[in-house]
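What follows is a set of notes on a single structure, which appears directly below.
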Amino acid sequence: MRRYLVGLVGACAIGSAPASAETLYDALFAAQSTNPQLGVQKAQQEISEEQLRSAQGARRPNVELTSSADVTRIDTDGPVFANINVGRIETIQAQLQATQPIYAGGRISAGVREARAGVSASDALLEAATQDTFLQTITAYVDVRQNREAVEIQKSSVNLLTEQLTAAQDRFEVGEITRTDVALAEARLEGARANLAAADAQLEANEALYESVVGFRAGDLVPPPPIGELPENFDVALALAIDSNPNIKAAQFNELAAEQAVKTARAELRPELNFVATAAVQQQFNEDITFPEITNTSLAALAQARIPIYQGGIARAQVRSAKLEAAQAKLDIETQRRSTIADVSQFWYAYSSARAAIAASERQVTAARIAYEGGVEELAVGVRTTLDVLDQEQDLLEARLNLSQSQRDAYVAAHQLLRAVGKLTPERFGL
């Protein structure tokens, strides 16, 4: 019931930009429901299911009903009909024919197996597309939050430097500092304003990206939930990725489908045998009073064989083409495997590096804040110069930005790792 209510709230939020706070769950729910790229893959998965039904239907009888009606008028003085006025003849006929495949050279069975492998490949690709959409949503979510924090930090810096410039101008007027100190404060202030403008531009870009993925503009984004469980070590992550990555699974099913396509192509070189049953009725209406109405019925059953003798090389070319596609599919498995190994390595060490950077940045922020506060007090008593305080304020600004960026990098890298190992699934987020 709780998930239903939360899902209902998320569904209501899809239509327009929500005014209340948004959670990462809301964003993921909206992206899963409305993202067009994910919708394309869902449609492709449904197409593959219909192709399987079509392949299975080739095993069943094919029943056709044909009918016709015609009117003929015959006037003759020939010797055969010399004493008979044939005149107008109306004919109505209908035929029911059923064809049941008996032997198709393995084409039907191979086609069904190929279609089943195609369904499995489409399922894996849909899973991959879902996880890619989730990763894009998570990245956009934390990027917007980090950009907003960066803008607030830059605004604080501008406000602080504005106050320092005012104080420097006051002190210059009473002769406590030189014009150089004032110019330094002005330069730092203009630099902070430029950084604020750049941060605003980056925020607008990431909010637009968020809207393109989720479907509405970002509102008040609450802090995302904890990362959750990750693989315990690199070797476990690597083994899990090779076993569970949906791109590898899709490539494996594509290879299976390609192997069955080879068998389908070879079946065109083999004989076919069908059982055909026919029932027909024909009724004629004549102007001739001798035979005013004639009815004919027939029943027939036969075995129909097709033996290919010469096809202009088309069937053998199709076999060779299918073999090349199978070889290509096998190479794609290795391509996906190597790409996955590289992704796991990159994201595992990126996450480890980001965690170390968070710890270092936290210590840096603490030290920079102490240094800045002490510098302000020392400037008041003339121990420090304006340039010293400006440098310490810049160090504190960079430390806060570094901490914010490191926290974002760690969160994104963790979910990139989950995507690489195939565990960034809807179930992980309760969807």
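The analysis underlying the following values was restricted to heavy atoms, covering all of them including side chains, and did not include hydrogens, waters or symmetry mates.
Between R316 and L269 the shortest heavy-atom distance is NH1-CD1, 3.9 Å. The two residues N274 and P101 come nearest to each other via the heavy atoms OD1-CA, 3.3 Å. Across A115 and A55, no two heavy atoms sit closer than the pair CB-CB, 4.0 Å. Considering all non-hydrogen atoms of both residues, Y141 and A27 come closest at CD1-CB, 4.1 Å. The minimum heavy-atom distance between T425 and F134, with the atom names listed, is C-CE2, 3.9 Å. Nearest heavy atoms, V344 versus A241: CG2-CB, 3.5 Å.
Residue Q56 qualifies as enclosed at atom CD: its count of foreign heavy atoms under 6.0 Å is above 12. More than 12 non-hydrogen atoms from other residues, nucleotides or ligands lie less than 6.0 angstrom from CZ of R306. Summarising the local packing, CD1 of I307 is surrounded by 12 or fewer heavy atoms from other residues, nucleotides or ligands at distances under 6.0 Å.
Side-chain contact between D181 and T178 is present, with at least one heavy-atom pair separated by less than 4.5 Å. Counting heavy atoms from C-beta outward, Y411 and R145 have side chains that stay 4.5 Å or more apart. Residues Q146 and Q202 form no side-chain contact, since every pair of their non-hydrogen atoms from C-beta on lies 4.5 Å or further apart. Taking 4.5 Å as the limit, some side-chain heavy atom of Y372 sits within range of a side-chain heavy atom of V389. Side-chain contact check for V182 versus E186: some heavy-atom pair is nearer than 4.5 Å. Side-chain contact between L221 and Y210: present, with at least one pair of heavy atoms (C-beta onward) separated by less than 4.5 Å. A heavy-atom distance below 4.5 Å is found between the side chains of F234 and S345. In this structure, V142 and P224 have side chains that are in contact, with non-hydrogen atoms separated by less than 4.5 Å.
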Quiz prompt | Audit row: Y351, Q416, side-chain contact (heavy atoms from CB on, under 4.5 Å) steps and yes/no | solution = CA-CA 9 Å; Y351 176 65; Q416 287 174 327; over 6 Å; no
Quiz item: Could you go step by step and tell me if F29 and L431 meet the side-chain contact (heavy atoms from CB on, under 4.5 Å) rule?
Solution: CA-CA 7 Å; F29 181 87; L431 292 170; 3.8 Å; yes
Practice problem: Starting from the C-alpha separation in whole Å, work towards a yes-or-no answer on side-chain contact (heavy atoms from CB on, under 4.5 Å) for Q364 and L403. | Solution: CA-CA 9 Å; Q364 182 185 12; L403 176 59; over 6 Å; no
Practice problem: List the steps, then state whether side-chain hydrogen bond (donor to acceptor under 3.5 Å, both in side chains) holds for T23 with D26. | Solution: CA-CA 5 Å; T23 65; D26 297 331; 3.1 Å; yes
Self-check item: Full working for side-chain contact (heavy atoms from CB on, under 4.5 Å) between E325 and S321
Solution: CA-CA 6 Å; E325 290 179 358; S321 176; 4.0 Å; yes
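Annotation: side-chain hydrogen bond (donor to acceptor under 3.5 Å, both in side chains) contacts involving residues 246-255, sequence neighbours excluded, comprise E127-K249, N247-R419, E255-K330.
Remark: the backbone N or O of Q336 is paired with a side-chain donor or acceptor of T340 at under 3.5 angstrom. Side-chain N or O atoms of S157 include none that pairs as donor or acceptor with a backbone N or O of I153 at under 3.5 Å.
Note: F429 and H415 have parallel aromatic rings, judged against thresholds of 30 and 60 degrees for the angle between ring planes.
Salt bridge status for R188 with E393: absent, with no side-chain N to carboxylate O gap under 4.0 Å. A salt bridge is absent between E362 and R355; no separation between the charged side-chain nitrogens and carboxylate oxygens falls under 4.0 Å.
Every residue was checked against the side chain to side chain contact (heavy atoms under 4.5 Å, CB included) condition with L331, not counting sequence neighbours, and none meets it. In this view, N195 and Q154 satisfy the side chain to side chain contact (heavy atoms under 4.5 Å, CB included) rule, not counting sequence neighbours. Residues passing the side-chain hydrogen bond (donor to acceptor under 3.5 Å, both in side chains) test with D332, sequence neighbours excluded: none. For E152, the side-chain hydrogen bond (donor to acceptor under 3.5 Å, both in side chains) criterion is met by no residue, not counting sequence neighbours. With sequence neighbours left out, the side chain to side chain contact (heavy atoms under 4.5 Å, CB included) criterion links T139 to L135, D143, R408, V412.
Once rounded to the nearest 0.5 Å, the distance linking CD of Q131 with CG of N245 reads 7.5 Å. Taken to the nearest 0.5 Å, the CG atom of L189 stands 12.5 Å off from the CG atom of L184. Rounded to the nearest 0.5 Å, atoms CD1 (I341) and CD1 (I248) are 7.5 Å apart. Atom CG in L165 sits 9.5 Å away from atom CG in D170 (nearest 0.5 Å). Here the CD atom belonging to E378 is positioned 7.0 Å from the CD atom belonging to Q392, to the nearest 0.5 angstrom. Summarising the geometry, atom OG belonging to S109 is positioned 12.5 Å from atom CD belonging to E114; distances are rounded to the nearest 0.5 Å.
Counted by atom type alone, N402 and E398 present zero donor-acceptor pairs between their side chains at under 3.5 Å. Judged by distance alone, the side chains of Q41 and Q45 never bring a donor and an acceptor atom under 3.5 Å apart.
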